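Reviewing the structure listed below.
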Amino acid sequence: MSMFPTKILLATDGSREAELAARAAADLTQKTHSELHVVHAFGIAPIGPPVYPEATNLQSAEYEAEIEEDQRISEQRAREVLTAEVEKVRSAGCPVTEEHLIEGRMAPGIIGLAEEIGAGLIVMGSRGRGGIRRALMGSVSDSVVRHAHCPVLVVRDGERERDYLPGRILLAVDGSEEASAAARTAVELAERTDSELHVVHVGEVRPVIHPERRGYLARQEELQEQARRLLEEQVEEVESAGGTSLRAHLRMGRPDEEIVVLGEEIGASLIVTGSRGLGGMRRALMGSASDSIVRHAHCPVLVVRQ
């Protein structure tokens, strides 16, 4: 089943990262003949006045008037940001089908709107909060990647200021259903954008304590051979989905690290990966490979879920 053309939802906040995401969204919209929707979310004002025993009805009314005025100003500023971002996209020659202004928490608002309009792809910038705050709360892009019903393309600051496709697309595979969905998406993107498709599988390296070094080496060779066979199977699957002129890469180690490093080595313009959560406390402590790739890759990352 073809992913494109589709409805692309660009989430913007006027930041540097959002500007780069807008360029990527406009580029994809034109090359895949899709619809582009643009959304900007702004925060909720406090609800109701503080309750003090000595407060008079007049003080309460004044407080509510202040809240309403703050709300009006916030909405006006948000609309100005949205209008400015839409104009930038249109000035680049890309039509915008519809613009959306939503009030509330950003991640749930973006996810809800995507479902409401039937978006097939969300495009957004990545803005980390850093330190313990990020560890406890995550970022908006983290939350959207984890919970959106459709693929999410995350673009971060520091990336090249040009149309990133055509280029080299790096597809990460691991034999899962999510990886199969990512493969179909990567093949279609490569075909529609005339990009070069690279496929990588990262085999696991297990620490093995063995009295003889020979036994340790034999075990690692066995793991590498298993990884090689899986990569060959995945390449065949990608070819059956229409992928041509593939470059296959076998790496051993931590998937997130190896994929990010390989992406830099080959000058990837886009990394495509499936979304696989580890679940429960382990995910809360460690995150998933796709989370880490999104945070550390030098290029845009498209996370596809089954």
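Small disclaimer: the values here were computed from a predicted structure and weren't measured.
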Check the pair Glu188 / Arg192 against salt bridge (Lys or Arg N to Asp or Glu O under 4.0 Å), numbers first and verdict last.
-> CA-CA 6 Å; Glu188 186 174 1; Arg192 288 180 177 269; 3.0 Å; yes

Only counting residues at least two apart or in another chain, list the ones meeting side-chain contact (heavy atoms from CB on, under 4.5 Å) with Cys150.
-> Ile122

So do Val187 and Leu197 actually touch side chain to side chain, heavy atoms under 4.5 Å?
-> yes

Distance, nearest 0.5 Å, that separates CD1 of Ile266 from CZ of Arg168 = 7.0 Å

Looking at side-chain heavy atoms only, is the closest gap between Leu101 and Glu75 below 4.5 Å?
-> yes

Is a donor on one side and an acceptor on the other found under 3.5 Å between the side chain of Ser195 and the backbone of Gly167?
-> yes

Any donor-acceptor pair under 3.5 Å from His298 side chain to Val260 backbone | no

Roughly how far, to the nearest 0.5 Å, is the OG atom of Ser74 from the CD atom of Glu103?
-> 8.5 Å

Tightest non-hydrogen contact, residues Gly243 and Leu246, listed as C-CD2, 4.1 Å

Salt-bridge test for Arg77 and Glu80: reply yes if a basic N is under 4.0 Å from a carboxylate O, no otherwise.
-> no

Residue pair Val272 / Val304, side-chain heavy-atom distance below 4.5 Å = yes

Say whether, by atom type as modelled, one donor and one acceptor occur between the side chain of Gln30 and the main chain of Gly93 under 3.5 angstrom.
-> yes

Are any non-hydrogen side-chain atoms of His249 and Arg247 less than 4.5 angstrom apart?
-> yes

Report yes if some heavy atom in the side chain of Ile8 is under 4.5 Å from a heavy atom in the side chain of Ser34; otherwise report no.
-> yes

Do Val123 and Phe4 share a hydrophobic cluster, counting only Ile, Leu, Val, Met, Phe, Trp and Tyr and linking them when any side-chain heavy atoms are less than 4.5 Å apart?
-> yes

Does any pair with a residue in residues 228-242 pass salt bridge (charged side-chain N to carboxylate O under 4.0 Å, His left out), and if so which ones, sequence neighbours excluded?
-> Glu225-Arg229

Distance (rounded to the nearest 0.5 Å) between Ser141 OG and Leu153 CG | 11.0 Å

Are more than 12 heavy atoms from other residues, nucleotides or ligands located less than 6.0 Å from atom CD of Glu69?
-> yes

Spatial distance of atom OG1 (Thr244) from atom CD (Glu196) [nearest 0.5 Å] = 10.5 Å

Step by step, work out the side chain to side chain contact (heavy atoms under 4.5 Å, CB included) result for Val200 and Leu171.
-> CA-CA 6 Å; Val200 60; Leu171 166 65; over 6 Å; no

Just wondering, are more than 12 heavy atoms of other shown residues or ligands nearer than 6.0 Å to CZ in Arg90?
-> yes

Minimum heavy-atom distance Thr29-Glu35, with the two atoms named | CG2-C, 4.3 Å

Contacts satisfying salt bridge (charged side-chain N to carboxylate O under 4.0 Å, His left out) that involve residues 251-264 (not counting sequence neighbours) are Arg251-Glu258, Arg251-Glu265, Arg254-Asp256, Arg254-Glu257

Can Leu262 be reached from Leu230 by stepping across I, L, V, M, F, W or Y side chains whose heavy atoms are under 4.5 Å apart?
-> no

Could you check Glu85 against Lys88 for salt bridge (Lys or Arg N to Asp or Glu O under 4.0 Å), going step by step and ending with a plain yes or no?
-> CA-CA 5 Å; Glu85 293 304 307; Lys88 288 179 184 177; 3.4 Å; yes

Taking all heavy atoms of Ala119 and all of Leu9, pick out the closest pair and write down the distance.
-> CB-CB, 4.2 Å

Heavy-atom distance under 4.5 Å between the side chains of Arg295 and Ser292, does that happen here?
-> no

Side chain to side chain contact (heavy atoms under 4.5 Å, CB included) between Leu223 and Val205: does it pass, once the steps are laid out?
-> CA-CA 7 Å; Leu223 291 172; Val205 175; 5.7 Å; no

same_hphob_cluster(Ile111, Ile102) at 4.5 Å side-chain heavy-atom cutoff | yes

Determine yes or no for a side-chain-to-main-chain donor-acceptor pair under 3.5 angstrom, with His40 supplying the side chain and Thr12 the backbone.
-> yes

Would you call Cys94 and Leu36 a side-chain contact if the rule is heavy atoms closer than 4.5 Å?
-> yes

Determine the minimum heavy-atom distance between Pro151 and Gly120, stating which atoms define it.
-> CD-O, 3.3 Å

So, for Ala22 and Val89, which heavy atoms are closest and what is the spacing to 0.1 Å?
-> CB-CG2, 4.1 Å

Looking only at heavy atoms, what is the nearest atom pair of Gly274 and Ser290, with distance?
-> O-CB, 3.6 Å

What is the distance from atom CZ of Arg79 to atom CZ of Phe42, rounded to the nearest 0.5 Å?
-> 8.0 Å

Start with the C-alpha gap between Asp291 and Arg146, add the side-chain angles, then the distance that decides, and say whether side chain to side chain contact (heavy atoms under 4.5 Å, CB included) holds.
-> CA-CA 8 Å; Asp291 290 339; Arg146 293 181 184 185; 3.2 Å; yes

When rounded to the nearest 0.5 angstrom, what is the spacing between CD in Glu116 and NE2 in His37?
-> 10.5 Å

Start with the C-alpha distance between His100 and Ile117, add both sets of side-chain angles, then the distance that settles side chain to side chain contact (heavy atoms under 4.5 Å, CB included), and finish with yes or no.
-> CA-CA 11 Å; His100 308 264; Ile117 68 173; 4.1 Å; yes

Are the side chains of Ile169 and Leu189 in touch, meaning some heavy atoms are under 4.5 Å apart?
-> yes

